[in-house]
Novice: 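To start, I am sharing the structure in question, which I have written as structure tokens.
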Amino acid sequence: MNYWLMKSEPDTFSIDDLANRPAQTEPWDGVRNYQARNMMRDDMKLGDLVFFYHSNCTEAGIVGIIEVVKEGYPDCSAFDPEDKHFDPKSDKSKPRWMRVDVRYVRKLARTISLKELKTKAELTDFTLVKNGNRLSIMPVSQAQWDFILSLE
DNA sequence: GCCAACGTTGGC
DNA sequence: GCCAACGTTGGC
């Protein structure tokens, strides 16, 4: 069982949006970064828990927990010319991009902000707090997971 | 809205 | 295979 963190802009798709979906489940599509793609394709397993992170907003931070309910499969939004994330180089016979499905688990009692996370000595090695890191999906160690939850 | 960081593209 | 140009991310 692994832990992860996934970023989303709340204006586009927030934790509340996920909670309001039928079955509280949604495909995590539109990721167009190879590192993130590889993690969804190879490493994210059924039942893995994920921190839901709000980026590019008033209070950037971790707002909830979600879970992987379907492992990596082709992201068909890449095939749709009308889609914002259309990629003409992704061929249906050899899809370039992958996605997983996630389900709402719960919101945190409070937002644990990026600002706060950056002050913690325990998290100096956490990818999220490294300057200039733009990865939208990243692994979280058991120790990091437990520590962050202890802040709640 | 600005801009630093960084990934990708493409000419050579 | 190098690297400049360009586009995107995301904090502020």
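First the proteins, then the strands, lettered A, B, ... as listed; each starts at 1. For the numbers below, each heavy atom of this structure counts, side chains included, while hydrogens, waters and symmetry mates do not. This one's a predicted model, so the numbers in the text were calculated from it and none came from an experiment.
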Novice: Nearest whole Å is fine: how far is C:dT9 P from A:Met6 CE?
Specialist: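 Nearest whole value for this atom pair: 15 Å.
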
Novice: Between the side chains of A:Ser136 and A:Arg32, does any donor sit under 3.5 Å from an acceptor?
Specialist: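 Their side chains do not contain a donor-acceptor pair, so the 3.5 Å distance test is not met.
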
Novice: Just to be sure I understand the geometry, which residues of residues 50-64 of chain A put a non-hydrogen atom under 4.0 Å away from DNA chain C?
Specialist: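 Heavy-atom contacts with DNA chain C come from A:Tyr53, A:Ser55, A:Asn56, A:Ala60.
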
Novice: A:Asn38 CG to B:dG7 P: how many Å, rounded?
Specialist: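 Spelled out: CG on A:Asn38 to P on B:dG7 is 13 Å.
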
Novice: Hey, which sits more toward the 5' end of DNA chain C by its nearest nucleotide, A:His85 or A:Lys115?
Specialist: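 It is A:His85, whose closest nucleotide lies nearer the 5' terminus.
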
Novice: State whether A:Phe86 and A:Lys84 meet the cation-pi test: NZ (Lys) or CZ (Arg) under 6.0 Å from the six-membered ring centroid, and within 45° of the perpendicular axis.
Specialist: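 The answer is no, since A:Lys84 fails at least one limit relative to A:Phe86.
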
Novice: On DNA chain B, compare the nucleotides closest to A:Arg96 and A:Gly132; which residue's is nearer the 5' end?
Specialist: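 With A:Arg96 and A:Gly132 compared, the 5'-side residue is A:Gly132.
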
Novice: Below 3.5 Å, does any donor atom in the side chain of A:Arg32 face an acceptor in the base of C:dT8, or the other way round?
Specialist: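 When only heavy-atom distances are counted, A:Arg32 does not reach the base of C:dT8 through any donor-acceptor pair under 3.5 Å.
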
Novice: Scan side-chain atoms only and decide if A:Arg41 and A:Tyr34 contain a donor-acceptor pair under the 3.5 Å cut-off.
Specialist: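 No, no side-chain donor-acceptor contact under 3.5 Å.
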
Novice: Is it the case that the side chain of A:Asp48 and the backbone of A:Lys45 share a donor-acceptor pair, with hydrogens and angles ignored and the cut-off at 3.5 Å?
Specialist: yes

Novice: Please check the phosphate of C:dG10 (OP1 and OP2 only) for any side-chain N or O of A:Lys7 closer than 4.0 Å.
Specialist: yes

Novice: To the nearest Å, give me how far apart CZ (A:Arg134) and C1' (C:dT8) are.
Specialist: 6 Å

Novice: Protein-nucleotides 3-6 of chain C N/O pairs closer than 3.5 Å?
Specialist:
none

Novice: Answer yes when A:Arg106 and A:Glu152 have at least one side-chain N-carboxylate O distance shorter than 4.0 Å, and no when they do not.
Specialist: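 Salt bridge: yes.
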
Novice: What is the distance, to the nearest angstrom, from the CG atom on A:Asn33 to the P atom on B:dG7?
Specialist: 8 Å

Novice: Just the rounded figure in Å: distance from P of C:dG11 to CG of A:Asp11.
Specialist: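 In whole Å, C:dG11 P lies 13 Å from A:Asp11 CG.
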
Novice: About how many Å separate CG of A:Asp29 and SG of A:Cys76, when rounded to the nearest 0.5 Å?
Specialist: 7.5 Å

Novice: Would you call A:Asp75 and A:Arg37 a salt bridge, using N to O less than 4.0 angstrom?
Specialist: no

Novice: We want to know whether A:Tyr104 and A:Asn20 form a side-chain donor-acceptor pair, criterion being a heavy-atom distance below 3.5 angstrom.
Specialist: no

Novice: Scan A:Lys130 against the nucleic acid and name what it touches under 4.0 Å (heavy atoms): base, sugar-phosphate only, or nothing.
Specialist: nothing

Novice: Just how far, in rounded Å, is P of C:dC12 from CD of A:Glu116?
Specialist: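 That distance rounds to 14 Å.
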
Novice: Please list all pairs meeting side chain to side chain donor-acceptor pair (under 3.5 Å) that have one or both residues in residues 113-124 of chain A, counting only residues at least two apart or in different chains.
Specialist: A:Arg110-A:Glu116

Novice: Nearest whole angstrom, please: distance from the P of C:dT8 to the CG of A:Asp87.
Specialist: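 In whole Å, C:dT8 P lies 12 Å from A:Asp87 CG.
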
